[in-house]
Amino acid sequence: MSTTEHAPDRPAGHALVEALIAQGIATVFGVPGESFLAALDGFHEHRDRIRFIACRQEGGAAFMAEAQGKLSGRPGVCFVTRGPGATNASIGLHTAFQDSTPMLLLIGQVASNQRDREAFQELDYRQVFGPGTLGFAKWVGEVHDPDRLPEYVARAFHTALQGRPGPVVLVLPEDMLSAHTAAPVLPRVEPAQAWPAPGALRELRERLLAATQPFVIVGGSGWTASACEAMQRFAESWQLPVGCAFRFQDLFDNRHPNYAGDVGIGINPKLAQRVRDADLIVAVGPRLGEMTTGGYTLLEAPRPRQTLVHIHAGPEELGRVYAADLMLQSSMACAAKALETLAAPPGPLPWRDWTAAAHADYEANLEALPVEPLDLAVVIKTIQRLAPPDSILTNGAGNYSGWLHRYYRHPALQHGGRTQLAPTAGAMGYGVPAAVAASLLYPERTVINLAGDGDFLMTGQELATATGYGAGMGGRGKLISIVVDNATYGTIRMHQEREYPGRVSGSDLFNPDFAALARAYGWRAHSVESTAQFEPAFAAALADERPNLLHLKLDAEVSTSRTTLSAIRRIAQARGSR
Ligand SMILES: Cc1ncc(C[n+]2csc(CCOP(=O)(O)OP(=O)(O)O)c2C)c(N)n1
Ligand SMILES: [Mg+2]
């Protein structure tokens, strides 16, 4: 969209909405507040081009915007009111920060002539969300001059997208939003892309040629479908094994013969050993956080035993934790294209068997001993078999997610976008709002949420948002939430049994009848207590014209896809409890 020299005089709240439209935003998630009525009026004014989805809690709204950022690669937008609204939304900001997701949080602020009095719900957002390397936001801007609003919005989009993507906050005093301006909006922002330096690429090639057991880890944000394709061609020509960083499993085709598995929580022990045994790690995009590095042990911080090549879009990430042997600052789109131009020597490379063994280990890890009466491995494999291949899978935090990550095989990111929406920040409550957002944004895609019983009730009220806006209704794409109810905060119980065996404290849960709860929200629902009951219930959900919830009752004893609670307790007791 081109800018005009002069825009008609209108409230800044309308200009704000025009600026969002100019950035390609057609959906904003939020909870309304009296602090931004002039902007709400702007959404009404431009309702044929943009919609404001009214959510039921700002935590859900912020997760939806974060999911929008993950799916589209452009900043997802969340709009909330001051104080209580902003603090509720903070979980989504934190997730976007840790997950490097572009996102914009708009906050209505007290009127300028009330500032600094601790006026009603007043907070100083530059202090609360103030930028830092361990923070909530890359930038917090407060707009005081309505004529400069377009400048702030354009800067917000640039900042969210460039380098390491992440969340930004714009604070909007209510009198500024209702003041008039004739300022034209600025055109759509495209991020500047950094390319790897040619000398560094030559050095990377030399390091590859010197390796005997190389290993590639892909992760982080800023990937495109063509970057993933280029990455695959690089892996093929150099015959490299590729693992995906924690919750970035959709960056490399999980069926590809070079795929080695996900380097995350509950990692295949053989894969963990392979990462340790590698002599060269090429990390393309991940920031190599605690979950991807097995608590900084698979790669020891700050100086790993393996030779480390770290490629990241943000210069501030390079050298922050790991003293890599070679660092390349590049966006993923450019890095992958550059990597595929590296000419590999002809014929089989010395590590060809190492790569084949990595994939064989991955395949073997898909096998599981049967579990009675309800087998989550079979549940995930059934989802895979019946759901369309471009389905979007969402989850929050909890042991239940381990089965999804272990058994679900994601395709590589395609032109339709990502197929995995999961918080690397480990925020419970993420999966339901992420699924609702995905379903609203891509009504033709099937969206499947897997939630724990603890996880689900943190944001389950967003089922009402789905119903209210027709998510997963009538169209081709379905919306299904699968609640794994083990009547416990199972992950915490697992840690308790390991550290304080037999001393359960604070982790038991009383649960509602989740199927009845879903029906009350206008969803259809099924209760599943055995493996045999799952497939017909899931097939019915896939055939339905309404969103469906499947309530799965699991024994708390089934702790993870690898172990049981009593086994954890036995080992801890043998070790001697504290
Ligand atoms: C917002 C938030 N609060 C607390 C935690 C700590 N936490 C991590 S997993 C977990 C339990 C999850 O329980 P549930 O959803 O029932 O899944 P389960 O582990 O039982 O499969 C908790 C409390 C967290 N990660 N996020
Ligand atoms: Mg649970």
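Every number for a ligand or one of its atoms is a count from 1 in the order of the listing.
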Identity and separation of the nearest protein heavy atom to atom 16 (O) of ligand 1: Asp453 OD1, 2.5 Å
Checking the N or O distance criterion of under 3.5 Å, is ligand 1 in contact with Tyr489? no
Relative to each other, are the rings of Phe79 and Phe36 parallel, tilted or perpendicular (30° and 60° limits)? parallel
Using a 4.0 Å heavy-atom cut-off, say whether Asp455 meets ligand 1 through its side chain, its backbone, both or neither. both
Counting from 1 in the order shown, the ligand 1 atoms closer than 4.0 Å to a non-hydrogen atom of Thr488 are 16 (O), 20 (O)
Return the closest protein heavy atom for atom 14 (P) of ligand 1 as residue, atom name and distance. Gly454 N, 3.6 Å
Answer yes or no: does an N/O atom from Met458 fall short of 3.5 Å to an N/O atom of ligand 1? no
Test your reading of the model: is there a side-chain donor-acceptor pair from Gln420 to the backbone of His410, 3.5 Å cut-off? no
Just checking, any donor-acceptor pair under 3.5 angstrom between side chains of Thr560 and Asn399? no
Strictly below 4.0 Å, N to O, side chains only: are Arg569 and Glu557 in salt-bridge contact? no
With heavy atoms only and a cut-off of under 4.0 Å, state how Ile492 meets ligand 1: side chain, backbone, both or neither. side chain
Using the rule given for salt bridge (charged side-chain N to carboxylate O under 4.0 Å, His left out), can you reason through Arg274 versus Asp361, listing the C-alpha separation, both sets of side-chain angles and the distance that settles it, and then say yes or no? CA-CA 10 Å; Arg274 191 170 297 280; Asp361 287 349; 2.9 Å; yes
Walk me through whether Lys553 and Asp485 qualify under salt bridge (charged side-chain N to carboxylate O under 4.0 Å, His left out). CA-CA 5 Å; Lys553 298 217 177 96; Asp485 173 3; over 6 Å; no
Could you tell me if the side chain of Tyr400 sits less than 4.5 Å from the side chain of Asn486, heavy atoms only? no
Would you check if the Mg ion (ligand 2) lies under 2.8 Å from any N, O or S atom of Thr488? yes
Can Glu66 and Tyr430 be counted as having a side-chain donor-acceptor contact under 3.5 angstrom? yes
Ligand-side contact atoms (ligand 1) for residue partner Asn399, heavy atom cut-off under 4.0 Å: 18 (P), 19 (O), 21 (O)
Counting both backbone and side chain atoms, is some N or O of Met428 under 3.5 Å from an N or O of ligand 1? yes
Looking only at heavy atoms of Asn486, does any of them come nearer than 4.0 Å to an atom of ligand 1? yes
Write out the residue and atom name of the closest protein heavy atom to atom 19 (O) of ligand 1, then the distance separating them to 0.1 Å. Thr491 OG1, 2.6 Å
Inspect the contact between Asp99 and Lys70 and indicate whether a charged nitrogen and a carboxylate oxygen are less than 4.0 angstrom apart. yes
Only one of Gln496, Glu497, His495 clears side-chain hydrogen bond (donor to acceptor under 3.5 Å, both in side chains) with Ser507; which? Gln496
Under the side chain to side chain contact (heavy atoms under 4.5 Å, CB included) criterion, do Val484 and Leu376 qualify, and how do the steps go? CA-CA 9 Å; Val484 181; Leu376 283 183; 4.0 Å; yes
Starting from the Mg ion (ligand 2), look over the N/O/S atoms of Asp453 and name the nearest one. OD1
Give me the nearest non-hydrogen protein atom to atom 21 (O) of ligand 1 as residue plus atom name, then the distance to 0.1 Å. Tyr400 N, 3.0 Å
Would you say Gly398 has any N or O atom under 3.5 Å from an N or O of ligand 1, going by distance alone? no
Give a yes or no on whether Thr491 keeps an N, O or S atom under 2.8 Å from the Mg ion (ligand 2). no
Just to check, does Gly426 reach to within less than 4.0 Å of ligand 1 when the distance is taken from its heavy atoms? yes
Would you say ligand 1 has an N or O under 3.5 Å from any N or O of Gly490? yes
